[in-house]
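Below you'll find the structure, written out as structure tokens, and then a few comments.
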Amino acid sequence: MTITGSPQAEISSPVSTQEVAGKELASKRAAKLSQAVPTHLVVDSLLKLKRHKRLKQSSLCTYEKRWRHFVRVFELMPEELDPILDYLAQFDGETGRYKRDRQDLLSMLYQHAVTRFGMASNPLKDVDRPQVTKKPIKTLSLEQVVLVDSTPQTLTERAAWELLIGHGWRQVEVRRITAEDVCNIQDGLIWCRGKERHELTPILPETQALLQLLTDTLPNKEPIFRGRRIRHGQTEPLGEDGMSQLVNRLFSRAGISYKGHDLRRTFATLVQRASGNEFLAMRLIRDKIPGQSERYINYSLGQLREDLERYSPLRLIRKAPALREQDFLVETGESRTPRPEEAAQNLLQA
């Protein structure tokens, strides 16, 4: 009788097969890990290209801040979609804009990994961008501008308020003003380091006087808007959070609820309402002109300065004393305080 195999051999055979399969799986995982791309290397490489492209420092800082956060979460670039979507799920703001921006930045990062680091594919390539819910803009009325105008308690608060509401500057543009910029003001024009470009732009003489007081003995390259806290014997430049807190303090004292960027929208809205000229409003805030991809009209800076002095919300409320009366919302008989629209129209007819 021939024995083709022992029972012991038949029992041990499946175990050996499982061991082989386990080793093969472990080998594949190890090979995959060896091919995985370290996230920080991709970030460093892409940032180097962005610097070569000569992007503005503020843009570079934003890119680096967002990507470094991803580096802290993922040491290696995830190749599967699920962990990336889980990461993006934390940016669940009301409008969806923040999540969309984050996805765009990660997709850019992954495409660079595919191009320069041999990653097989960009897992976000075919993923739809989050929809953004657009909300109606909020702007202050002239009466509310009057309320907030009485709230600044420090020189820094007053100067920041005048640039934000009286000139339509972005908060970051205010923070970038240096002592040298103030010293170089000439013919009512100041150098502004804007979002899209750096350029000369008009400034009201009363605001210029405030900025000159802020420069004090600061070195030329130092930002003039400083925090209140003293460290190592001196104050530090006001940061993004510090400027936001400054604006929120003004709103809180006035008893109204708005966001900092609403001041820029308010400036453009009130200038357009008073002047009847949308082009002028957009030109004063140095933004894109509606219906034009570039600026085809060379608007004289001298004329722009005169228009700012005429239509700035600060000039509107200071040339309309009735708005400062305590009962400007009360109408009594034939004698009443003009509404903001009427006050602006009266200015135009003066």
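Just so you know, these numbers use all the heavy atoms, side chains as well, and skip hydrogens, waters and symmetry mates.
A 6.0 Å sphere centred on CD of Glu75 holds no more than 12 heavy atoms belonging to other residues, nucleotides or ligands. Counting non-hydrogen atoms of neighbouring residues, nucleotides and ligands closer than 6.0 angstrom, the CZ atom of Arg97 reaches no more than 12 such neighbours. Heavy-atom neighbours of Gln303 CD from other residues, nucleotides or ligands within 6.0 Å: above the threshold of 12. A 6.0 Å sphere centred on NZ of Lys259 holds no more than 12 heavy atoms belonging to other residues, nucleotides or ligands. The neighbour count for Arg51 CZ, taken as heavy atoms of other residues, nucleotides or ligands under 6.0 Å away, is above 12.
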Using side-chain contact (heavy atoms from CB on, under 4.5 Å), reason through Glu157 and Thr151 one step at a time and then give a plain yes or no.
CA-CA 9 Å; Glu157 289 181 349; Thr151 63; over 6 Å; no
side-chain contact (heavy atoms from CB on, under 4.5 Å) between Glu162 and Leu210: does it pass, once the steps are laid out?
CA-CA 9 Å; Glu162 293 207 1; Leu210 292 173; 3.6 Å; yes
Start with the C-alpha distance between Glu64 and Lys50, add both sets of side-chain angles, then the distance that settles salt bridge (charged side-chain N to carboxylate O under 4.0 Å, His left out), and finish with yes or no.
CA-CA 10 Å; Glu64 184 164 14; Lys50 294 297 182 183; over 6 Å; no
Please evaluate residues Asp181 and Arg176 with respect to the criterion salt bridge (charged side-chain N to carboxylate O under 4.0 Å, His left out), reporting the C-alpha separation (whole Å), side-chain torsions for both, the decisive distance (0.1 Å), and the verdict.
CA-CA 9 Å; Asp181 296 332; Arg176 290 172 180 165; over 6 Å; no
Stepwise, does the side-chain contact (heavy atoms from CB on, under 4.5 Å) test hold for Thr139 with Tyr258?
CA-CA 8 Å; Thr139 60; Tyr258 285 89; 5.9 Å; no
CA sep, side-chain torsions, deciding dist, call: Val73, Thr39, side-chain contact (heavy atoms from CB on, under 4.5 Å)
CA-CA 10 Å; Val73 178; Thr39 311; over 6 Å; no
Criterion side-chain hydrogen bond (donor to acceptor under 3.5 Å, both in side chains) on Arg315 and Tyr311, from CA distance to verdict
CA-CA 6 Å; Arg315 289 297 179 90; Tyr311 299 120; over 6 Å; no
Do Phe74 and His69 pass the ring pair (Phe, Tyr, Trp, His ring centres under 6.0 Å) test, and can you show the C-alpha distance, the side-chain angles, and the key distance before you say yes or no?
CA-CA 9 Å; Phe74 297 105; His69 185 272; 9.7 Å; no
Take Asp262 and Arg265 through the test salt bridge (charged side-chain N to carboxylate O under 4.0 Å, His left out) and record every step on the way to the result.
CA-CA 5 Å; Asp262 292 334; Arg265 300 185 181 103; 2.7 Å; yes
For the pair Arg318 and Glu206, evaluate salt bridge (charged side-chain N to carboxylate O under 4.0 Å, His left out) and give the outcome as yes or no after the intermediate values.
CA-CA 12 Å; Arg318 290 166 187 171; Glu206 58 267 34; 3.4 Å; yes
Less than 3.5 Å apart, which donor and acceptor atoms pair up between the side chains of residues 235-247 and the rest of the protein, not counting sequence neighbours?
{"from": "Thr235", "atom 1": "OG1", "to": "Arg226", "atom 2": "NE", "distance (Å)": "3.4"}

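Rounding to the nearest 0.5 angstrom, the gap separating the CZ atom in Arg129 from the NZ atom in Lys99 is 13.5 Å. Residue Arg170 holds its CZ atom at 13.5 Å from CG of Leu263, rounded to the nearest 0.5 Å. Taking CG of Leu284 as the reference point, atom OG1 of Thr201 lies at 7.0 Å (rounded to 0.5 Å). In this structure, Leu124 CG and Gln103 CD are separated by 5.5 Å, a value rounded to the nearest 0.5 Å. Here Leu147 contributes atom CG and Leu142 contributes atom CG; the two are 11.0 Å apart, rounded to the nearest 0.5 Å. With values rounded to the nearest 0.5 angstrom, Arg283 atom CZ is found 6.5 Å from Leu301 atom CG.
Note on ring orientation: taking the six-membered ring where Trp is involved, the planes of His198 and Trp191 are perpendicular (angle over 60°, cut-offs 30° and 60°).
Residue pairs satisfying the side-chain hydrogen bond (donor to acceptor under 3.5 Å, both in side chains) criterion with at least one member in residues 108-120, sequence neighbours excluded, are listed as follows: Ser45-His112.
A salt bridge does not link Arg305 with Asp187: none of the charged nitrogens is closer than 4.0 Å to a carboxylate oxygen.
With sequence neighbours left out, the salt bridge (Lys or Arg N to Asp or Glu O under 4.0 Å) criterion links Lys221 to Glu180.
Here the side chains of Glu79 and Val37 are not in contact, with every heavy-atom distance at 4.5 Å or above. Residues Met108 and Leu46 are in side-chain contact: their nearest non-hydrogen atoms beyond the backbone lie under 4.5 Å apart. You'll find the side chain of Glu309 reaches within 4.5 Å of the side chain of Pro205, heavy atoms only. Thr154 is not listed as a side-chain neighbour of Arg249, based on a closest heavy-atom distance of 4.5 Å or more. The side-chain heavy atoms of Asn277 and Gln272, taken from C-beta on, include no pair separated by under 4.5 Å. No side-chain heavy atom of Ile203 sits less than 4.5 Å from a side-chain heavy atom of Trp169. Considering only heavy atoms from C-beta on, Ile190 stays 4.5 Å or farther from Leu200 through its side chain. No side-chain heavy atom of Thr215 sits under 4.5 Å from any side-chain heavy atom of Glu222.
Listed for the His167 side chain is a donor-acceptor partner under 3.5 Å among the backbone atoms of Leu204. Side-chain N or O atoms of Thr266 include one that pairs as donor or acceptor with a backbone N or O of Leu140 at under 3.5 Å. In this structure a side-chain-to-backbone donor-acceptor pair under 3.5 Å is missing from Arg253 to Val148. For the pair Arg286 (side chain) and Cys192 (backbone), a donor-acceptor distance under 3.5 Å is absent. Checked by atom type and distance alone, the side chain of Ser252 never pairs as donor or acceptor with a backbone atom of Asn248 at under 3.5 Å.
Residues Pro78 and Pro123 share a closest heavy-atom pair of O-CG, 4.3 Å. Minimum interatomic distance between Ile285 and Gly168 (heavy atoms only, all atoms of both residues): CG2-O, 4.0 Å. What you find for Pro223 and Leu218 is that their closest heavy atoms are O-CD1, 3.7 Å. For the residue pair Tyr63 and Leu47, the shortest heavy atom distance occurs at CB-CD2, 4.0 Å.
Ser107 and Asp104 share no side-chain donor-acceptor pair at under 3.5 Å.
Arg175 forms no cation-pi arrangement with Phe225, by the criterion of a distance under 6.0 Å to the ring centre and an angle within 45° of the ring axis.
Hydrophobic clustering (side-chain heavy atoms under 4.5 Å, transitive across Ile, Leu, Val, Met, Phe, Trp, Tyr) keeps Val172 apart from Leu211. Put simply, Leu85 and Met119 are part of the same group of oily side chains (I, L, V, M, F, W, Y) that touch within less than 4.5 Å, one to the next. At a threshold of 4.5 Å between side-chain heavy atoms, the hydrophobic network of Ile, Leu, Val, Met, Phe, Trp and Tyr places Leu163 and Leu155 in one connected group. Ile256 and Leu270 fall within the same hydrophobic cluster, where Ile, Leu, Val, Met, Phe, Trp and Tyr residues are linked whenever their side-chain heavy atoms come under 4.5 Å apart, directly or through other members. Linking ILVMFWY residues whenever their side-chain heavy atoms come closer than 4.5 Å, directly or via other members, leaves Ile137 and Ile165 in distinct clusters.
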